[in-house]
Amino acid sequence: MDERVHPEVRRVAEDIDTMEVRGAATIADAVARALRTQAEESDATDPETFRAELRAAARALHETRPTAVSLPNALRYVLRGMSSTTVEGLQRDVVQSSEEFCQRLDRAQTDLGKVGANRLRDGDVIMTHCHSTDALACVEAAVEQGKHIEAIVKETRPRNQGHITAEELADMGVPVTLIVDSAARRYLNDVDHVLVGADAVAADGSVINKIGTSGLAVNARDRGTPIMVASQTLKLHPGTLTGHTVDIEMRDTEEIIDESRREEIGSPKVVNPAFDVTPPRYVDAIVTERGQFPPESIVTLMRELFGEGTSEPWAEP
Ligand SMILES: O=C(COP(=O)(O)O)[C@H](O)[C@H](O)COP(=O)(O)O
């Protein structure tokens with residue numbers, strides 16, 4: 001890694017890579033804070049060196065995981081704040097934009113939660129996939145409104161993020177039933193809403209989220225169960241406005257099966273995609289802090305927020 005990258009930034013990058021820090025919003029928060037540390041601890045003596053250090057840190061953070069667009073969106077937000085002409089001024093700029101970003105992220109999640117909660121009625125049962133802080137914000141707000149909500153939680157192989165969801169729902173007082181992923185269709189009859197998060201939302205309204213989301217959405221549509229995606233606007237993917245596609249992360253196959261067991265069963269090829277793409281026709285609503293949108297209309301919001309597209313977060317202005 002580039003030697004200009006501060007050890008704390010390297011640690012954050014490592015934590016994201018190994019999924020100690022995971023989930024699109026949490027990753028965004030962590031990288032914004034890491035850039036702040038890089039800025040505060042910099043001993044650069046001229047603005048150009050300082051800017052180059054920050055860009056190197058952003059690159060190191062960006063190289064960790066490719067799918068959650070909240071990561072480059074966060075980097076871009078913080079780096080765009082650099083407008084001063086002295087090192088001290090630039091340090092202040094980064095601290096301020098990092099703080100502002102983290103506050104906006106928290107506020108967006110709270111506001112989105114209230115919008116999502118309005119879709120949930122007293123007595124509703126939801127089904128979740130993976131662990132999404134945006135999705136859980138909707139449940140939390142509904143519970144705060146005095147609604148009784150129950151949840152069927154998919155374990156989400158291979159890393160079982162469903163366990164985190166189960167624990168956090170239990171902490172809210174929501175009764176939880178944990179199921180294996182393949183039992184989802186069987187239990188959809190008992191469910192009023194499928195509620196998931198997003199790592200990225202493309203300009204055509206496709207939702208990129210944990211592998212298994214698209215199959216769940218197709219099954220939910222077949223059963224007539226509405227599917228709601230909780231996604232603050234930080235997850236909107238500006239590159240898709242100009243025809244770019246979203247990279248789907250392929251993770252280590254040892255997450256699925258260890259090498260010795262793989263050899264015992266005849267050394268099959270193993271693949272481990274972390275995310276999939278749910279086409280807009282399977283999504284009923286994308287819930288953001290700016291209100292809820294049918295997926296096909298998300299492009300209008302994206303144009304409003306990003307114009308016609310954006311460059312890499314570390315590109316020279
Ligand atoms: O798919 C995942 C996490 O995948 P992983 O565990 O591989 O990071 C989550 O649904 C989204 O990131 C949204 O999360 P949030 O709403 O918290 O941003």
Side-chain angles (χ1 to χ4, degrees), residues 12-32 61-62 64-74 101-102 104-113 115-117 126-141 151 153-169 172 181 184 194-202 206-217 227-237 246-253 255-256 272-278 283 286-289:
V12 172
E14 173 72 13
D15 283 353
I16 296 171
D17 190 46
T18 57
M19 291 179 62
E20 284 299 308
V21 170
R22 49 147 295 283
T26 309
I27 290 172
D29 184 82
V31 301
L61 292 162
H62 188 252
T64 53
R65 294 188 74 191
T67 304
V69 74
S70 52
L71 199 172
N73 283 351
F101 175 83
C102 294
R104 285 182 72 150
L105 192 140
D106 276 353
R107 199 165 55 233
Q109 198 163 71
T110 308
D111 292 348
L112 165 160
V115 177
I126 58 161
M127 182 178 282
T128 66
H129 184 58
C130 199
H131 169 258
S132 156
T133 54
D134 280 355
L136 289 181
C138 302
V139 184
E140 192 169 23
V153 170
K154 294 177 74 212
E155 63 177 350
T156 318
R157 281 273 293 147
R159 295 188 66 109
N160 293 324
Q161 289 94 330
H163 295 187
I164 310 171
T165 302
E167 191 176 358
E168 293 187 4
L169 286 169
M172 290 176 206
D181 294 310
V194 166
L195 173 56
V196 294
D199 282 84
V201 175
S206 298
V207 171
I208 295 85
N209 192 49
K210 180 54 55 194
I211 188 83
T213 303
S214 64
L216 175 61
I227 172 151
M228 134 153 100
V229 175
S231 169
Q232 48 179 302
T233 56
L234 178 65
K235 322 283 183 62
L236 302 182
H237 195 304
V246 179
D247 260 7
I248 299 292
E249 177 182 13
M250 300 301 287
R251 293 198 60 87
D252 195 331
T253 56
E255 289 183 348
I256 297 180
N272 186 16
F275 301 99
D276 65 19
V277 182
T278 303
V283 176
I286 298 179
V287 172
T288 78
E289 74 278 15

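Side-chain atoms are counted along with the backbone in the values below, which use heavy atoms only and exclude waters and symmetry mates. Since this is a predicted model, take the numbers as computed values, not measurements. One-based numbering, in listed order, for ligands and for the atoms of each.
Considering only non-hydrogen protein atoms, atom 18 (O) of ligand 1 sits nearest to Ala25 N, 2.7 Å. When hydrogens are left out, the protein atom nearest atom 6 (O) of ligand 1 is Arg22 NE, 2.5 Å; that is the closest non-hydrogen contact. Scanning the protein heavy atoms around atom 17 (O) of ligand 1, the nearest turns out to be Thr133 OG1, 2.6 Å. Closest to atom 4 (O) of ligand 1 among all protein heavy atoms lies Lys210 CE, 3.4 Å.
Using a cut-off of 4.0 Å between Lys/Arg side-chain N and Asp/Glu carboxylate O, Arg107 and Glu289 are scored as not salt-bridged. Contact check on Glu249 versus Arg251 returns a salt bridge, with a Lys/Arg side-chain nitrogen under 4.0 Å from an Asp/Glu carboxylate oxygen. Salt-bridge formation is detected for the pair Asp134/Lys235: a Lys NZ or Arg NE/NH1/NH2 atom is positioned less than 4.0 Å from an Asp or Glu carboxylate oxygen.
Here is the list of ligand 1 atoms found below 4.0 Å of a heavy atom in Met19: 5 (P), 6 (O), 7 (O). If you number the atoms of ligand 1 from 1 as listed, the ones under 4.0 Å from a heavy atom of Lys235 come out as 15 (P), 16 (O), 18 (O).
Summarising the contacts of atom 1 (O) of ligand 1 with Leu234, Leu105, Asp199, Asp276, the nearest heavy atom is found in Asp199.
Contact annotation: for Ala274 versus ligand 1, there are no heavy atoms closer than 4.0 Å. With a 4.0 Å heavy-atom cut-off, ligand 1 is reached by the side chain of Arg65 but not by its N, CA, C or O. Contacts with ligand 1 closer than 4.0 Å are made by side-chain heavy atoms of Cys130 only, the backbone lying farther away.
Here the side chains of Thr26 and Thr133 are in contact, with some heavy-atom distance below 4.5 Å. Ile248 has its side chain within reach of Val277: a pair of non-hydrogen atoms, C-beta onward, lies under 4.5 Å apart. The shortest distance between side-chain heavy atoms of Leu136 and Thr165 falls below 4.5 Å. Counting heavy atoms from C-beta outward, Val283 and Thr278 have side chains that approach closer than 4.5 Å.
Using a 4.0 angstrom heavy-atom cutoff, His131 counts as in contact with ligand 1. At least one heavy atom of Ala198 sits closer than 4.0 Å to an atom of ligand 1.
Considering both main-chain and side-chain atoms, Ala24 comes within under 3.5 Å of ligand 1 through a nitrogen or oxygen pair. The distance criterion of under 3.5 Å between nitrogen or oxygen atoms is met by Gln161 with respect to ligand 1. Checked by distance only, ligand 1 and Ser132 come closer than 3.5 Å through their nitrogen or oxygen atoms. The distance criterion of under 3.5 Å between nitrogen or oxygen atoms is met by Gly23 with respect to ligand 1. Looking at ligand 1, you'll find an N or O of Asn209 within less than 3.5 Å of one of its N or O atoms.
Under the 3.5 Å distance criterion, with hydrogens and angles disregarded, a donor-acceptor pair is assigned to the side chains of Ser214 and Asp276. Defined by atom type and a distance below 3.5 Å, a donor-acceptor pair is missing between the side-chain atoms of His129 and Lys210.
Distance check, rounded to the nearest 0.5 Å: CD of Glu168 to NE2 of His131 gives 3.5 Å.
A donor-acceptor pair under 3.5 Å links the side-chain atoms of Thr156 to the main chain of Cys130, judged by distance alone.
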